[in-house]
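First the structure, in the form of structure tokens, and then the observations on it.
One-based numbering along the sequence shown.
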Amino acid sequence: MHAASPRAAWAVSGLLLNALVWGLSWWPFKRLESQGLHPLWATALVFGLACVALVLWRKPAGHHRQAWRTHSGLWWLMVASGLTNVGFNWAVTVGDVVRVVLLFYLMPAWSVLVAWALLGERPTAGALARLLLAMAGMATVLHQPGQPWPWPETLADGLALMSGLAFAVTNALLLKLKDVPERARMQAMFGGGALMGVLAAVLATANGLAHWPSAWQSGWLGPVLALSLAFVVGNLALQYGAARLPAHTTALVMLSELVFASLSSVILGASTWDNRTLLGGALILLAALLAIRIPGRSSS
């Protein structure tokens with residue numbers, strides 16, 4: 001057996017760094033919320049700062065600006081990526097972190113349907129079977145005694161499901177836009193987090209689901225700067241790793257986010273495990289692993 005090359009080791013390390021960033025991001029968002037900054041406003045602030053930093057660091061050239069005029073998919077990528085971040089950050093702040101991350105990781109199952117709709121990739125029987133397995137896991141997690149149908153129990157449940165679906169759309173759009181300059185795609189993703197964060201924050205606040213930020217507090221500065229820097233570095237690490245490893249390896253390594261989020265949240269008292277969550281989570285994780293091990297789509 002040949003040892004892994006240093007290049008592959010660095011690529012895996014990059015993916016693990018990105019997974020660690022997302023797996024631990026719930027903690028600073030919860031800290032900001034406890035200090036009066038709602039996760040929606042925090043998302044807008046964090047991604048807005050990251051977007052500005054990216055523009056100042058790498059000012060867009062003319063052909064990158066042209067990409068926005070010729071590739072309308074970038075605007076949809078902005079919306080999908082923004083909804084992913086809005087939903088996930090809000091959910092992990094107000095809900096049980098393990099439960100949220102498990103429901104979010106229905107993303108591989110949603111990807112079967114999204115790829116069929118957006119990319120014309122017809123699912124095989126095996127892919128549909130894994131979709132049903134993941135749906136059974138979701139139903140197990142969401143089922144409440146005395147209720148005839150499994151349904152999101154809390155706002156966090158609904159947000160986790162929405163963000164997982166939006167993430168599946170994001171991944172499909174990234175594949176569809178693979179020939180678009182990387183800088184333009186990064187701008188769309190970070191800009192989407194800022195724009196959709198502001199829009200969602202304004203709408204949620206107007207409807208009583210969020211609150212206006214209080215006067216600026218010095219305690220916000222550290223978490224906001226740390227999150228902005230971590231997301232930029234994590235995204236760059238993801239781009240580096242994903243470009244140098246097979247897609248199934250990338251997907252497998254990224255599942256470590258679930259481990260980072262689960263362990264950290266249980267250790268810090270932000271999550272509890274029960275038998276229903278463990279069983280449903282096992283089904284969801286099994287479906288994700290099977291999707292990585294045996295890709296199940298064929299082009300129509």
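Counting heavy atoms from C-beta on, the side chains of M254 and L16 never come closer than 4.5 Å. When side chains are defined from C-beta on, L174 counts as touching M189, because their heavy atoms get closer than 4.5 Å. Within the 4.5 Å cutoff, no side-chain heavy atoms of L225 are placed close to those of L229. Using a 4.5 Å heavy-atom threshold, the side chains of L195 and M78 count as touching. With a 4.5 Å cut-off on side-chain heavy atoms, V233 and V21 do not count as touching. Proximity of L118 to L175: side-chain heavy atoms (C-beta onward) are nowhere separated by under 4.5 Å. Side-chain contact between V52 and L56 is present, with heavy atoms from C-beta onward closer than 4.5 Å.
Put simply, CG on L102 and CG on L285 are 8.0 Å apart, with the number rounded to the nearest 0.5 Å. Interatomic distance, OG of S81 versus CZ of R185, reported as 12.0 Å (0.5 Å rounding). Note that CG of L227 is 10.0 Å distant from CH2 of W27, once rounded to the nearest 0.5 Å. To the nearest 0.5 Å, atoms CE (M138) and CH2 (W110) are separated by 5.0 Å. Atoms CD and CG, from E257 and L24 in turn, are 9.5 Å apart once rounded to the nearest 0.5 Å. We find the CG-CG distance between L173 and L77 to be 6.0 Å, quoted to the nearest 0.5 Å.
Side chain of W76 to main chain of V169: no donor-acceptor pair is present (N/O by atom type, distance under 3.5 Å, no hydrogens or angles). Under a 3.5 Å cut-off, the side chain of R276 and the backbone N or O of V141 do form a donor-acceptor pair. Of the possible polar contacts, none joining the N235 side chain to the F231 backbone as a donor-acceptor pair under 3.5 Å is found. For the pair S264 (side chain) and A261 (backbone), a donor-acceptor distance under 3.5 Å is present. Looking only at distances, a side-chain donor or acceptor of S265 sits under 3.5 Å from a matching main-chain atom of S262. Looking only at distances, a side-chain donor or acceptor of T154 sits under 3.5 Å from a matching main-chain atom of D157. Remark: the backbone N or O of G95 is not paired with any side-chain donor or acceptor of R99 at under 3.5 angstrom.
Here the shortest heavy-atom pairing between V253 and S256 reads O-OG, 2.6 Å. For the pair L74 and L177, the tightest heavy-atom approach, listed with the atom from each and the gap, is N-CD1, 3.9 Å. In plain terms, the two heavy atoms of A109 and A134 that are nearest each other are CB-CB, 3.5 Å. V100 approaches A156 most closely through the heavy-atom pair CG2-CB, 4.1 Å. Residues K30 and V94 share a closest heavy-atom pair of NZ-N, 4.4 Å. Contact record, V97 with V92: CG2-O, 3.8 Å, taken as the closest heavy-atom pair.
Linking Ile, Leu, Val, Met, Phe, Trp and Tyr whenever their side-chain heavy atoms come within less than 4.5 Å puts W75 and L83 in one cluster. No path of Ile, Leu, Val, Met, Phe, Trp and Tyr side chains, each step under 4.5 Å between heavy atoms, connects L203 with W41, placing them in separate hydrophobic clusters. A single hydrophobic cluster is not seen to contain both L20 and V259; linkage of ILVMFWY side chains at heavy-atom distances under 4.5 Å, directly or through other members, places them apart. The hydrophobic cluster containing L165 also contains L155, counting ILVMFWY residues as joined when their side-chain heavy atoms lie under 4.5 angstrom apart, directly or transitively. F260 and L278 are members of different hydrophobic clusters when ILVMFWY side chains are connected at heavy-atom separations under 4.5 Å.
Taking the six-membered ring where the residue is Trp, F47 and F190 present tilted rings, their angle falling between 30° and 60°.
Sorted by first and then second residue, the side chain to side chain donor-acceptor pair (under 3.5 Å) pairs involving residues 221-233 (not counting sequence neighbours) form an empty list.
A donor-acceptor contact closer than 3.5 angstrom is absent between the side chains of S163 and W90. Of the N and O atoms on the side chains of T43 and N85, not one donor lies less than 3.5 Å from an acceptor on the other residue.
Atom CH2 of W220 is surrounded by more than 12 heavy atoms from other residues, nucleotides or ligands within 6.0 Å.
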Let's go through F88 and W22 carefully: what are the C-alpha distance in whole Å and the side-chain angles of both, what is the deciding distance for side chain to side chain contact (heavy atoms under 4.5 Å, CB included) to 0.1 Å, and is it a yes or a no? CA-CA 10 Å; F88 183 80; W22 283 101; 4.1 Å; yes

Pair L37, Q217 - check side chain to side chain contact (heavy atoms under 4.5 Å, CB included), show working. CA-CA 9 Å; L37 186 62; Q217 298 184 25; over 6 Å; no

Can W26 and T93 be said to form a side chain to side chain contact (heavy atoms under 4.5 Å, CB included), step by step? CA-CA 6 Å; W26 64 269; T93 305; over 6 Å; no

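Judged by the 6.0 Å distance and 45° axis criteria, R31 is not positioned over the aromatic ring of F29.
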